[in-house]
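One structure is given here, and the rest of the page talks about it.
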Amino acid sequence: MKILKIIPGPLLIFFGVFCLSFGGLIVKSFETTNLWQILFWRQIFFAIIILVYLILVYKKKFLTSFYSSGLEGFLGGFILAVGFAAYVFSMYKTTVANANFIITTETIFLALFGYFFLKEKISLVTLFSIFLGMVGVILILGSSISIQSNDQFQGNIVAFLMPISFAILVIVIRKNPRVDMIPAQFTAGIVAALIGWAFALDLSVSTHDLFLAFIAGFFQVGFGFILITIGARKTPSAMIGIIMLTEAVLGPLWAWLFVNEDPPVLVLVGGSIIILAVFLQFSSLMKKEKKY
């Protein structure tokens, strides 16, 4: 696990986002029509991988890691659980493109929360990158979000809980950089699984769906959030938001390639603008590192 401390924070976050970007594709590939079953099994496997990580890092003292994370850890875990439930709900009810592009509003929340609660200054490059990224998002939203049914409307609205909950989690992490927030993710997994259990009624699923839940829990959210949580300790909030925008490009791409969700031309144009925003932010980061 020492290698994770060597890798730059922004790069860890990008790898984490890459993992998360497969979420919509996986949810759309389930055979079950019960979204709460998906949530339950996904979060059970997620909690397992987080527990394995904690045991590998803390060994016999892994139980003390929960105590050490304190109230901040519990708060972060509860907030993340809400985000997990909202993610599955929105991906199930609306399109992958719609959900992913709504998630990108976390860029605004991260920059604003970071400014007000952490007193983090927003550089002109970052501000321009945020503006450029959101222009891309607006183009995508204008092309992709259409209220075709009550279910889709609900999915679009609930989707906004994800960027808000994620932004709050990142601020908690940034506010307490010495506190390991990985235990909070175990809490989030268990709480989200309990939410799924409460509404699912029947937890029996096919072998196919159980395998997808395993992939989602271990790879998609498991590795994804571990990498993002570690990377967030050493990455400014606004920059995290810019990097997270790449999920809005990759998520619909996987859906287009594997489940035939064809994005309109404006979606591709908006996605290209988002990638440009991310490139500008990384270029700025590289220049700063060369100075030191």
Side-chain angles (χ1 to χ4, degrees), residues 4 7-27 42 46 49-50 80 83-84 86-88 90-91 96-111 114 126 129-130 132-134 136-137 140 159 162-171 173-174 181-182 185 188 215-258 263 267 270-286:
L4 296 180
I7 300 175
L11 193 56
L12 285 175
I13 293 172
F14 176 77
F15 289 147
V17 171
F18 180 80
C19 293
L20 293 182
S21 68
F22 288 93
L25 172 63
I26 295 174
V27 170
R42 177 180 182 260
F46 170 77
I49 189 61
I50 296 299
L80 187 57
F84 282 154
Y87 184 90
V88 173
S90 61
M91 284 294 183
V96 175
N98 286 9
N100 272 289
F101 301 141
I102 290 173
I103 291 174
T104 59
T105 57
E106 66 200 0
T107 303
I108 297 175
F109 293 115
L110 279 168
T126 297
S129 297
I130 291 174
L132 199 59
M134 295 316 299
V137 169
I140 292 169
M162 294 182 287
I164 293 174
S165 64
F166 179 80
I168 294 174
L169 176 65
V170 170
I171 295 302
I173 294 172
R174 295 285 296 159
M181 286 293 174
I182 302 296
Q185 295 185 26
I215 295 297
F218 269 58
F219 169 70
Q220 190 243 326
V221 280
F223 288 143
F225 272 92
I226 287 174
L227 293 174
I228 289 173
T229 302
I230 296 174
R233 296 174 189 167
K234 43 188 177 180
T235 308
S237 302
M239 188 180 297
I240 294 172
I242 293 295
I243 300 171
M244 293 296 292
L245 285 173
T246 55
E247 186 178 0
V249 178
L250 295 176
L253 176 63
W254 309 141
W256 172 57
L257 290 174
F258 299 106
V267 172
S272 299
I273 293 175
I274 290 173
I275 291 176
L276 176 60
V278 175
F279 176 77
L280 288 175
Q281 189 60 54
F282 270 114
S283 297
S284 175
L285 175 66
M286 293 298 291

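Note that the numbering runs from 1 along the sequence shown for the chain.
- Pairs engaging residues 215-232 under the side-chain hydrogen bond (donor to acceptor under 3.5 Å, both in side chains) rule: Arg42-Gln220, Gln185-Thr229 [sequence neighbours left out].
- Within the structure, no pair that satisfies the side-chain hydrogen bond (donor to acceptor under 3.5 Å, both in side chains) test touches residues 241-252, not counting sequence neighbours.
- Residues passing the ring-ring contact (aromatic ring centres under 6.0 Å, His included) test with Phe166: none are found, sequence neighbours excluded.
- In this structure, Leu132 and Ile273 have side chains that are in contact, with non-hydrogen atoms separated by less than 4.5 Å.
- Remark: Ile171 engages Phe113, Phe117, Leu118, Ser237 in a side-chain contact (heavy atoms from CB on, under 4.5 Å) (not counting sequence neighbours).
- Ser165 places a side-chain N or O within donor-acceptor distance of the main-chain N or O of Met162, the cut-off being under 3.5 Å.
- Of the inter-residue distances, the one linking Leu110 atom CG with Ile168 atom CD1 reads 10.5 Å to the nearest 0.5 angstrom.
- The side-chain contact (heavy atoms from CB on, under 4.5 Å) test with Phe225 is passed by exactly one of Ile182, Ile50, Leu80: Leu80.
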Show me the donor-acceptor pairs, under 3.5 Å and distance only, between side chains in residues 8-24 and residues at least two apart or in other chains.
| unit_1 | atom_1 | unit_2 | atom_2 | d |
| --- | --- | --- | --- | --- |
| Ser21 | OG | Phe18 | O | 2.6 |
| Ser21 | OG | Trp254 | NE1 | 2.9 |

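- With values rounded to the nearest 0.5 angstrom, Ile7 atom CD1 is found 7.5 Å from Leu227 atom CG.
- Across Pro163 and Ile103, no two heavy atoms sit closer than the pair CB-O, 3.5 Å.
- Taking each heavy atom of Gly251 and Asn100 in turn, the nearest pair found is CA-ND2, 3.8 Å.
- Closest heavy-atom contact between Pro252 and Val249: CD-O, 3.6 Å.
- For Tyr87, there are no ring-ring contact (aromatic ring centres under 6.0 Å, His included) partners two or more places apart in sequence or in a different chain.
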